[in-house]
Amino acid sequence: MMTPVSAPDVDSSTTPNTHNVPYLCKPFMGESLERPPVWFMRQAGRYMEEYRAIRKKVSFLELCKDLDLATEVSLQPYKAFGMDAVIMFCDILIPPEAMGMELHFGDGGPKFAAPLNHVDDVKKLTVPNPADSMGFVMDLLGNLRKELASDPHTALIGFAGAPWTLATYMIEGGTSKNFTRLKGWMYDQPDALHMLLDKLTDTVIAYLNAQIDAGAQVVQLFDTWGGLLDEAGYREFVQPYAKRVMDNLNRSTSPAMYYINTAAHLTDAVLEIRPDGLSVDHRVPLTVMRERAAAMGMPNLVLQGNIDPIAMLAKPEKLKPIVEKLLVENQGQPHIFNVGHGFIPQTPTQNVQHVVDWVKAYGA
Ligand code: CP3
């Protein structure tokens, strides 16, 4: 955890000095803000003309591994729209590739050439030293910190996939509908699945700590498929591994957020992970989550979210009241403005600009 959070009513002389702290980090230090920090999941990507122009020349994986291009693409949304944070441009499937799995990205999304079949496949995977096979990610973070040196307001975000979410792709081979292969492992060979999750946990801990060392000021753990199981399944296969990641990160200087999707049935189990911030999808009102967090002894938990990413496609006059409602409901609370899941390629750039402007004008 960061510096202990001070109660809002304490004498101002004892509140932490957050003067040189990036705006995104302030809610984690207990500072009450006039308006929330704003950034978006998938804020870099195909909805931007500038991104598509670069993707015409290089493949997605080449882009992730090219220092100059990945730096440029990471900065594109920040330069165009003025978000309060830059998220490094990369993908959650880079660590599985570094563990030994051949990865491709096509029109249908990510594909592993040889999805895991058997416990012997798990035994062959290595726990990589992040400085070796994923050194390009740390180089990117260092480069982005240099680019942002003249702008201490703006935070640099690093990230990783959570062990469970990574395992879904490694076993299914790509995006899935019914998760028959993954659930086959869960029912028929749970020990093999646990062995995989254990290796992934070690990989992700080392990877995120290396990102923090390289300059990530906030890190986010993406558990996109964390809501797939019932609560008993979540508590067996998902939560312990995500919690072990959180418990082993160097969070004294860089707060860590946990993102989970479709998890309204898992609220208490998710909160037990005790991240510094929880990123909530659009199906759960932040007010409901905040009440549960307070009841569990976390009244100052930073909540991130949670506009429906598809609402970003609405007419500006319809979108504006949705944005305002979220702002009003979370006023004075530790809140980071974001979408509930990543932007889709059809997101109109004008709406992105509107939302950033509306959030920044709030409370001014
Ligand atoms: O701007 C940012 O948010 C940073 C970059 C980022 C990407 N992927 C770039 C990307 C981040 C944080 C991710 C995380 C990620 N990747 C997740 C977790 C968050 C989520 O969206 O649920 C997942 C599940 C993945 C795996 C992945 N990568 C999928 C399923 C796909 C295909 C879907 C799609 O949108 O095409 C990708 C590809 C991908 N990752 C793209 C981008 C910009 C599109 C690639 C392209 O240019 O063709």
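Because only heavy atoms are used, hydrogens play no part in the values below, and waters and symmetry mates are left out as well, while side chains stay in. As the structure lists them, so they are numbered: ligands from 1, and atoms in each ligand from 1.
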If we count only N and O atoms by modelled type, under 3.5 Å, do the side chains of [X] and [Y] hold a donor and an acceptor together?
X: Asp357; Y: Gln353; result: yes
X: Asp151; Y: Tyr78; result: yes
X: Asn306; Y: Arg283; result: no
X: Gln304; Y: Gln220; result: yes
X: Thr165; Y: Asp223; result: yes

Considering only non-hydrogen protein atoms, determine which one is nearest to [atom] and report residue, atom name and distance to 0.1 Å.
atom: atom 11 (C) of ligand 1; answer: Phe159 CZ, 3.7 Å
atom: atom 23 (C) of ligand 1; answer: Ile92 CD1, 3.4 Å
atom: atom 35 (O) of ligand 1; answer: Arg46 NH2, 2.5 Å
atom: atom 47 (O) of ligand 1; answer: Tyr51 OH, 2.5 Å
atom: atom 41 (C) of ligand 1; answer: Phe60 CE1, 3.8 Å
atom: atom 16 (N) of ligand 1; answer: Asp91 OD1, 2.9 Å
atom: atom 38 (C) of ligand 1; answer: Phe105 CE2, 3.6 Å
atom: atom 13 (C) of ligand 1; answer: Arg42 NE, 3.8 Å

Check each heavy atom of [X] against ligand 1 and say whether those closer than 4.0 Å belong to the side chain, the backbone, both or neither.
X: Cys90; result: backbone
X: Met88; result: backbone
X: Tyr169; result: side chain

Q: Please answer: with hydrophobic residues joined when any side-chain heavy atoms are less than 4.5 Å apart, are Trp358 and Phe337 in the same cluster?
A: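 Hydrophobic grouping puts Trp358 with Phe337.
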**Q.** Pair Glu62 + Lys57: basic N to acidic O under 4.0 Å
**A.**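 Salt bridge between Glu62 and Lys57, a charged N being under 4.0 Å from a carboxylate O: no.
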Q) So, Arg35 and Asp84, do they make that salt bridge, N to O below 4.0 Å? A)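 Here Arg35 pairs with Asp84 in a salt bridge, since their nearest N and O are under 4.0 Å apart.
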Are any of the N/O atoms in [X] less than 3.5 Å from those in ligand 1?
X: Gln43; answer: yes
X: Thr175; answer: no
X: Ala44; answer: yes

Q: Pull out every atom of ligand 1 sitting under 4.0 Å from any heavy atom of Phe222, numbered as shown with elements.
A: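 With Phe222 as reference, the close atoms of ligand 1 come out as 12 (C), 18 (C), 19 (C).
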Q: Taking only heavy atoms of Phe89 into account, list the atoms of ligand 1 that are under 4.0 Å away from them.
A: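 Near Phe89, meaning under 4.0 Å from one of its heavy atoms, ligand 1 has 43 (C).
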Q. Pick from Phe179, Tyr259, Trp164: which one makes a ring pair (Phe, Tyr, Trp, His ring centres under 6.0 Å) with Trp225?
A.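 Exactly one candidate clears the test, Phe179.
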Q.
When you measure from the heavy atoms of His341 to every atom of ligand 1, does any distance fall below 4.0 Å?
A.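 Right, His341 reaches ligand 1.
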Q: Examine ligand 1 and decide if any of its atoms is less than 4.0 Å from a heavy atom belonging to Gly342.
A: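 Gly342 does not count as a contact of ligand 1 under the 4.0 Å cut-off.
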(Q) Parallel, tilted or perpendicular: which one describes the rings of His194 and Tyr241, with boundaries at 30° and 60°? (A)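 Tilted, since the angle between the ring planes falls between 30° and 60°.
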Q. How are the rings of Phe89 and Tyr51 set to each other: parallel, tilted or perpendicular (split at 30° and 60°)?
A.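 It falls in the tilted class, 30° to 60°.
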Q. Of the listed options (Leu221, Thr224, Val58), which comes nearest to atom 19 (C) of ligand 1 when hydrogens are ignored and any heavy atom counts?
A.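 Considering heavy atoms of Leu221, Thr224, Val58, the nearest to atom 19 (C) of ligand 1 sits in Thr224.
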